[in-house]
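Chain naming here is simple, since letters A, B, ... match the order of the sequence lines and numbering starts at 1 in each.
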Amino acid sequence: MTEENSQPAETGKDFIREIVAQDLAADTHGGKVITRFPPEPNGYLHIGHAKSICLNFGLAEENKGSCHLRFDDTNPTRENDEYVKAIEADVRWLGFEWSDHKFFASNYFQRLFDYAINLIEQGKAFVCDQTADEFAAFRGTPTKAGTESPFRNRSIEENLSLFKKMRDGEFDDGAKTLRAKIDMASTNIHLRDPALYRIRKVTHHRTGDQWSIYPTYDFAHCLSDAIEGITHSICTLEFAVHRPLYDWVLENLPLPQPLPKQYEFGRLNLDYTIMSKRKLLQLVNEKAVWGWDDPRMPTLSGMRRRGVTPESIRSFCSTVGVTKHDALTEMALFDHCLRDDLNKRALRAMAVIRPIRVVITNLPENYSEDLEAINNPEDEQAGTRTVPFSREIYIEETDFMEEPPKKFFRLRPGGEVRLRYAYIMKCEQVVKNADGTIDHLECTIDPDSKRGGATASRKVKGTIHWVSKTQAINAEIRLFDRLFSVPEPDKDKSGKDFTAFINPDSFQSLPNCKLEPSLSKASPEQRYQFERTGYFCVDEKDSSPETLVFNRTIALRDSWSAKQAKQKK
RNA sequence: UGCCGGAUGGUGUAAUGGUAGCACAGCAGUUUCUGGAUCUGCUUGUCAUGGUUCGAAUCCAUGUCCGGUAGCCA
């Protein structure tokens with residue numbers, strides 16, 4: 001990561017960096033900063049996770065500490081190894097490395113079990129026979145204290161024996177739980193004797209059938225942090241009410257000091273998309289998208305496939321900052337970070353997405369010429385390339401209008417336009433098919449108007465891109481738009497499901513695009529700007545040398561069509 | 001209704017008792033062989049009411065609004 005990206009200069013630290021700096025100054029943790037990114041392997045990572053990854057790994061990097069990648073795999077019913085693999089790949093792709101600090105909560109199952117025994121022995125945990133419904137009914141309400149479970153005062157010996165039987169699979173799923181004995185009258189519901197262990201006779205993706213009981217998040221997470229010597233345990237706002245329980249568990253067990261401390265920040269919300277793993281999974285399962293890596297998905301794998309760069313995601317995360325209140329960030333901010341990065345790194349090329357054929361009548365039949373084009377005006381190192389020019393070319397359908405509006409600077413009957421890197425061209429004739437559609441255009445060029453030529457400096461308002469017909473390569477180009485048609489699809493006032501707002505026009509395939517020949521050797525990692533159109537990359541899954549498939553990562557800013565749209569309104 | 005948080009332009013953020021700043025978006029220009037990029041300028045803000053203070057976005061009080069929280073999910 002470049003330093004400019006990681007911290008905006010001259011602006012204050014966010015509140016978490018402030019705390020870390022204070023802890024360092026006060027030597028609270030012996031000068032160490034150890035954070036962790038703790039995904040549950042039950043889905044793919046999305047841009048919201050990227051915010052957390054950048055925070056946790058960034059904090060470690062900035063303070064010469066370390067950040068652990070820890071899989072929070074305490075609920076085997078919905079976790080699996082495919083997700084573990086995908087999560088690792090995504091974190092690496094984002095540009096972060098955990099070296100040998102890869103952990104699984106499931107690695108601690110035995111120690112967690114021993115800690116549970118310890119609590120029982122202290123009389124601070126008990127085995128409860130209540131059903132889930134009874135559990136809920138006895139919990140009380142925010143205003144009414146709960147009622148103690150009738151099993152709360154079992155003897156330590158009985159608890160010990162029962163808990164071991166739970167482990168040994170002697171009871172059915174849900175028949176019993178291990179609960180902390182805290183305070184059924186607490187104003188914080190999470191302190192009303194919360195469950196620590198539940199029975200789940202399910203095969204775990206790592207421990208197999210070794211366990212029939214699994215620790216809850218509240219028991220496993222804080223202890224995992226303590227076991228790993230985490231100094232700052234950073235999570236999202238909704239866990240703030242769990243913090244007293246986090247502290248209670250740690251303070252009641254013999255653990256190395258100082259204990260880790262939990263801090264909460266506001267998760268990333270982006271308009272026109274959703275950030276819930278459950279809902280993203282629903283889109284995948286209901287085949288509303290092609291999969292987790294659909295280019296329209298806010299997942300890291302989807303964004304990668306669309307051509308988004310990890311650098312742009314990091315700069316975006318740094319731009320949105322870290323605060324304690326929930327915010328809804330505009331996608332436009334992300335778009336800006338994306339374009340900003342792509343503009344610097346993308347190789348320029350010419351591609352015609354919706355072709356019209358043009359015959360240049362004042363050129364001989366087999367005319368062919370090589371022209372020099374700049375690969376990236378933002379980066380001289382990128383050099384130049386050769387683009388073939390000939391008697392027949394393709395231009396963009398949208399670059400020609402028979403009856404253009406005012407200020408249309410492109411081609412019109414009798415009008416002139418500059419062909420990028422080539423000649424000034426005049427439209428002489430529109431040749432139509434029997435049905436009235438345009439078959440092709442007949443044009444002439446000014447032969448002295450090439451760069452350096454006698455008439456090169458003639459003022460022509462518009463410059464358009466083109467591709468030589470004989471050397472053109474065919475490709476499919478896929479255009480993507482936002483997945484949802486409203487800013488907050490999961491917050492509908494009338495109670496409609498988020499799927500009701502899926503944008504039906506979020507995907508469009510153009511199968512007959514014409515590309516300049518240099519694009520034949522494009523690789524999925526290389527980002528391109530198709531001049532005047534947008535940023536594109538080869539689809540990592542569906543493209544092949546025989547049939548190239550490009551994805552549009554994002555369109556170029558387009559002040560012309562923006563103005564047109566406004567005038568229509 | 002309890003408890004826990006939070007509130008700075010349209011959006012995201014900074015200012016840690018001393019000139020409310022930055023970025024995005026928007027608007028108007030400049031420039032251009034990409035209607036991209038660049039560059040310039042502009043509009044818009046401290047939730048409310050009191051209090052403390054020479055001075056308050058910042059401290060105090062009260063209120064308002066918003067979010068979280070009542071899985072054997074994380």
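- Atom CZ in Arg192(A) sits about 13 Å away from atom P in C4(B), given to the nearest Å.
- Looking at Lys461(A), Arg458(A), Lys426(A), Arg410(A) one by one, the single match for salt bridge (charged side-chain N to carboxylate O under 4.0 Å, His left out) with Glu416(A) turns out to be Arg458(A).
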Protein-nucleic acid N or O pairs under 3.5 Å, nucleotides 40-47 of chain B:
none

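- For Lys450(A), the side-chain hydrogen bond (donor to acceptor under 3.5 Å, both in side chains) criterion is met by Glu369(A), not counting sequence neighbours.
- The listed nucleotides are U34(B), C3(B), A25(B); the one nearest the side chain of Ala332(A) is A25(B).
- Contacts of Glu378(A) classified as salt bridge (Lys or Arg N to Asp or Glu O under 4.0 Å), with partners at least two apart in sequence or in another chain: none.
- Side-chain N/O atoms of Thr77(A) and Arg200(A) include no donor and acceptor closer than 3.5 Å.
- Nucleotides U40(B) and C4(B) have their C1' atoms positioned 48 Å apart, rounded to a whole Å.
- For Arg532(A) and G35(B), the shortest distance from a side-chain N or O to OP1 or OP2 is below 4.0 Å.
- The stretch residues 449-468 of chain A touches RNA chain B through Lys450(A), Arg451(A), Thr463(A), each having a heavy atom under 4.0 angstrom from the strand.
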Heavy-atom protein contacts under 4.0 Å, nucleotides 62-74 of chain B, coded B base, S sugar-phosphate only, - none: -----SBSBSBBB
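- Summarising the geometry, the separation between CG on Leu191(A) and P on C4(B) is reported as 12 Å, rounded to the nearest angstrom.
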With a cut-off of 3.5 Å and sequence neighbours excluded, list every side-chain donor-acceptor pair involving residues 320-340 of chain A.
{"from": "Thr323(A)", "atom 1": "OG1", "to": "His325(A)", "atom 2": "O", "distance (Å)": "3.4"}
{"from": "Arg339(A)", "atom 1": "NE", "to": "Ala555(A)", "atom 2": "O", "distance (Å)": "2.8"}
{"from": "Arg339(A)", "atom 1": "NH2", "to": "Ala555(A)", "atom 2": "O", "distance (Å)": "3.1"}

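- Using P as the reference atom, A7(B) and A15(B) are 12 Å apart when rounded to the nearest Å.
- Using atom P as the reference point in both U32(B) and A20(B), the two lie 40 Å apart (nearest Å).
- Arg418(A) comes within 4.0 angstrom of a base, heavy atoms only.
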Could you list the donor-acceptor pairs under 3.5 angstrom formed between side-chain atoms of residues 43-55 of chain A and any protein atom two or more places apart in sequence or on another chain?
{"from": "Tyr44(A)", "atom 1": "OH", "to": "Glu82(A)", "atom 2": "OE2", "distance (Å)": "2.7"}
{"from": "His46(A)", "atom 1": "ND1", "to": "Gly48(A)", "atom 2": "N", "distance (Å)": "2.9"}
{"from": "His46(A)", "atom 1": "ND1", "to": "His49(A)", "atom 2": "N", "distance (Å)": "3.4"}
{"from": "His46(A)", "atom 1": "NE2", "to": "Met275(A)", "atom 2": "O", "distance (Å)": "3.0"}
{"from": "His49(A)", "atom 1": "ND1", "to": "His46(A)", "atom 2": "N", "distance (Å)": "2.9"}
{"from": "Lys51(A)", "atom 1": "NZ", "to": "Gly266(A)", "atom 2": "O", "distance (Å)": "2.7"}
{"from": "Ser52(A)", "atom 1": "OG", "to": "Asn56(A)", "atom 2": "ND2", "distance (Å)": "3.3"}

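- Nucleic acid contact for Arg179(A): none, since no nucleic acid atom lies under 4.0 Å from a heavy atom of the residue.
- Across the protein-nucleic acid pair, Arg420(A) atom CZ and U32(B) atom P stand 14 Å apart, rounded to whole Å.
- Distances shown here put a side-chain N or O of Ser559(A) below 4.0 Å from the OP1 or OP2 atom of G36(B).
- Phe171(A) is not listed as a side-chain neighbour of Ser212(A), based on a closest heavy-atom distance of 4.5 Å or more.
- The gap from the C1' atom of U64(B) to that of C42(B) amounts to 34 Å, rounded to the nearest Å.
- On a pure distance criterion of 3.5 Å, a polar donor-acceptor pair joins the side chain of Glu330(A) and the base of G10(B).
- The phosphate of G6(B) (OP1 or OP2) has no side-chain N or O of His325(A) nearer than 4.0 angstrom.
- Between Ile374(A) atom CD1 and A37(B) atom P the separation is 18 Å, expressed in whole Å.
- The CD1-P distance, from Ile16(A) to U16(B), rounds to 20 Å in whole Å.
- A side-chain donor-acceptor contact under 3.5 Å links Thr384(A) and Glu372(A).
- To the nearest whole angstrom, the two C1' atoms, one in U31(B) and one in U38(B), are 8 Å apart.
- One atom, CG of Leu338(A), and another, P of A37(B), lie 14 Å apart when rounded to the nearest Å.
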Base-pair map of RNA chain B as dot-bracket, where | denotes pairing with a different strand and pairs are Watson-Crick or G-U under 3.5 Å: .((((((..((((....[..)))).((((.........))))....(((((..]....))))))))))).....
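- Between the CG atom of Leu333(A) and the C1' atom of G26(B) there is a distance of 15 Å, given to the nearest Å.
- Tyr528(A) and Phe550(A) have perpendicular rings, their planes meeting at more than 60° on a 0 to 90° scale where under 30° would count as parallel.
- Within 4.0 Å of Thr77(A), counting heavy atoms only, lies no atom of the nucleic acid at all.
- Between G9(B) and C47(B), the distance separating the two C1' atoms is 14 Å to the nearest Å.
- G26(B) and G10(B) have their C1' atoms separated by 9 Å, given to the nearest Å.
- Dashed line: the shortest gap from a side-chain N or O of Thr329(A) to OP1 or OP2 of U11(B) is not under 4.0 Å.
- Listed by first and then second residue, the salt bridge (charged side-chain N to carboxylate O under 4.0 Å, His left out) pairs involving residues 260-280 of chain A are Glu238(A)-Arg267(A), Arg243(A)-Glu264(A), Lys279(A)-Asp490(A) (not counting sequence neighbours).
- Using a cut-off of 4.0 Å between Lys/Arg side-chain N and Asp/Glu carboxylate O, Glu531(A) and Arg420(A) are scored as salt-bridged.
- If you take atom C1' in C66(B) and the same atom in A48(B), they sit 15 Å apart, rounded to whole Å.
- Nucleic acid contact class of Leu328(A) (heavy atoms, under 4.0 Å, all strands): sugar-phosphate only.
- Among the heavy atoms of the strands lying under 4.0 Å from Phe408(A) is at least one base atom, whether or not backbone atoms are also near.
- Ring geometry for Trp211(A) against Phe113(A) counts as tilted: the plane angle lies between 30° and 60°, on a 0 to 90° scale.
- Under the ring-ring contact (aromatic ring centres under 6.0 Å, His included) criterion, the residue pairs touching residues 176-207 of chain A are Phe109(A)-His204(A), Phe163(A)-Tyr197(A), His190(A)-His242(A), Tyr197(A)-Phe219(A), His204(A)-Tyr214(A), with sequence neighbours excluded.
- If you check every strand for non-hydrogen atoms under 4.0 Å, Ala562(A) touches nothing.
- A close approach under 4.0 Å does occur between a side-chain nitrogen or oxygen of Arg557(A) and OP1 or OP2 of A37(B).
- Contacts classified as salt bridge (charged side-chain N to carboxylate O under 4.0 Å, His left out) and involving residues 137-149 of chain A (residues at least two apart or in different chains) are given here: Glu148(A)-Arg152(A).
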Polar atom pairs (N or O), protein with nucleotides 28-30 of chain B, under 3.5 Å:
none

